[in-house]
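Just so you know, ligand 1 is whichever comes first in the structure, and atom 1 is the first atom listed for that ligand.
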Amino acid sequence: MLCYLDEKTTAMANDIYANNVNDYVCPRQAAAEKEQFFRKGPISIGLSCLVPKPGDFMIHDLTGVPILLVRRPDGSLGAFLNVCRHRGARVAEGCGSAKLFTCPFHAWTYDADGKLRGRPDERSFAGLEKDKVGLRPLPIVEKYGMIWVSPTPGPTFEIAPLLGGLERDLAEYKLEGYHHYETRILRRQMNWKLVIDTFLETYHLQFLYPKTIYPILHSNLATFDAFGRNLRMIAARRTIEQLCATPQDQWNIIPLTAVICVLFPNTAFIIQGDHLETWHVYPSGDGVNKSTMRVSFYTPEPANTEKARKYWNKNFNLLMATVEDEDFPMAEGIQRGFHSPAQEAIHFGHNEPALQHFHKSVKTALGVS
Ligand code: FES
């Protein structure tokens, strides 16, 4: 990175890449992405601290499948379809702590293992064995302080092959020690991939944020590494030059950088010096030009004091203001342009290798060229 700074360059791809505009507007591709990425999965849900203690639960609906996550008494995490086996009502809402989940419709009651523990007027269901109608479990993996779920019932999965080597970084970040501060839901009029694109180059910093981000981060300067379909891009804060005067064995690059990982397909995971943000992006509507984002803010210490809450609120609000006022209006304009006959492809330059990798990975995963 210091070399890039010296030579006024950045990580470079070998070629310019023409990405079809159709990728952002095609209902058939949107349907294939929904099926493959968001229905089958597996997909990253967030950090373990979303459900930290035995009895804690949360629901998750943004893949299009109603999911219930429950921390069991033994500390393990279960995932179930949030669908009652009597007549299909949702058995839980929101998040909180509960030993049992009682369906609001006719009070069938399930435990943290999804087992049906009781149902009123038992004799009316004699012959329908209780152990045949527990909540349907979903495959789940919890590792490196993170949670992945497959929204479709089936065999369990291994996470290492999906991470492609990025697990070494994830282990080093010690995510188990983080605390959930807040999650906000944003809905915008753009394809979900366009949201991910927002994070994948620093070329725009100087122009889109001359007064907010550009004074903090170098523009058009970032490292790029691919880990299977995932990627890691590291942007440099202006303070990075202080490394030149520091012996290399004393370097700590985290406070001097912004580390952006994309956990394929829909999660941007950003280490911002003193805290962590995750952006989980989902298609909504028909998946073409509407998306929903689950933006979570995690801190290394619990925010127990007024002073801490004030500090983190200011940080979170600044982040939201930047994306809401600058990035997303720009991206929504791009989406509208994609529906016009202006061009068949957009172009990712040599200086945009992360964009190239992400879109090539989407195509590979979908089996399209
Ligand atoms: S639908 Fe849940 S108890 Fe009837």
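- Among the heteroatoms counted here (N, O or S) of His86, ND1 is the one nearest to atom 4 (Fe) of ligand 1.
- Side-chain rings of Trp279 and Phe199 approach one another, their centers coming within less than 6.0 Å.
- Close approach of ligand 1 to Cys103 is summarised as follows: ligand atoms under 4.0 Å from at least one heavy atom of the residue are 1 (S), 2 (Fe), 3 (S).
- Numbered from 1 in the order shown, with element, the atoms of ligand 1 that lie under 4.0 Å from a heavy atom of Cys84 read 1 (S), 2 (Fe), 3 (S).
- The ligand atoms of ligand 1 that sit less than 4.0 angstrom from a heavy atom of Phe105 are 1 (S), 4 (Fe).
- Heavy-atom contacts of Ala107 reach the following atoms of ligand 1: 3 (S) (cutoff under 4.0 Å).
- A donor atom on one side chain and an acceptor atom on the other are found under 3.5 Å apart for Tyr24 and Asp197.
- Close approach of ligand 1 to Trp108 (heavy-atom distance below 4.0 Å) involves ligand atoms 3 (S).
- The nearest N/O/S atom of His106 to atom 4 (Fe) of ligand 1 is ND1.
- Here the heavy atom of the protein found nearest to atom 1 (S) of ligand 1 is Arg87 N, 3.3 Å.
- Partner of Trp148 under the side chain to side chain contact (heavy atoms under 4.5 Å, CB included) criterion, out of Thr267, Ile159, Ile43, Leu162: Ile159 alone.
- Ring geometry, Tyr181 versus Trp312: the interplanar angle falls from 30° to 60°, so the pair is classed tilted.
- Side chains of Asp325 and Tyr209: a donor-acceptor N/O pair is absent below 3.5 angstrom, by distance only.
- Evaluated for a side chain to side chain contact (heavy atoms under 4.5 Å, CB included) with Ile196, the options Val362, Val262, Leu355 yield exactly one hit, Val262.
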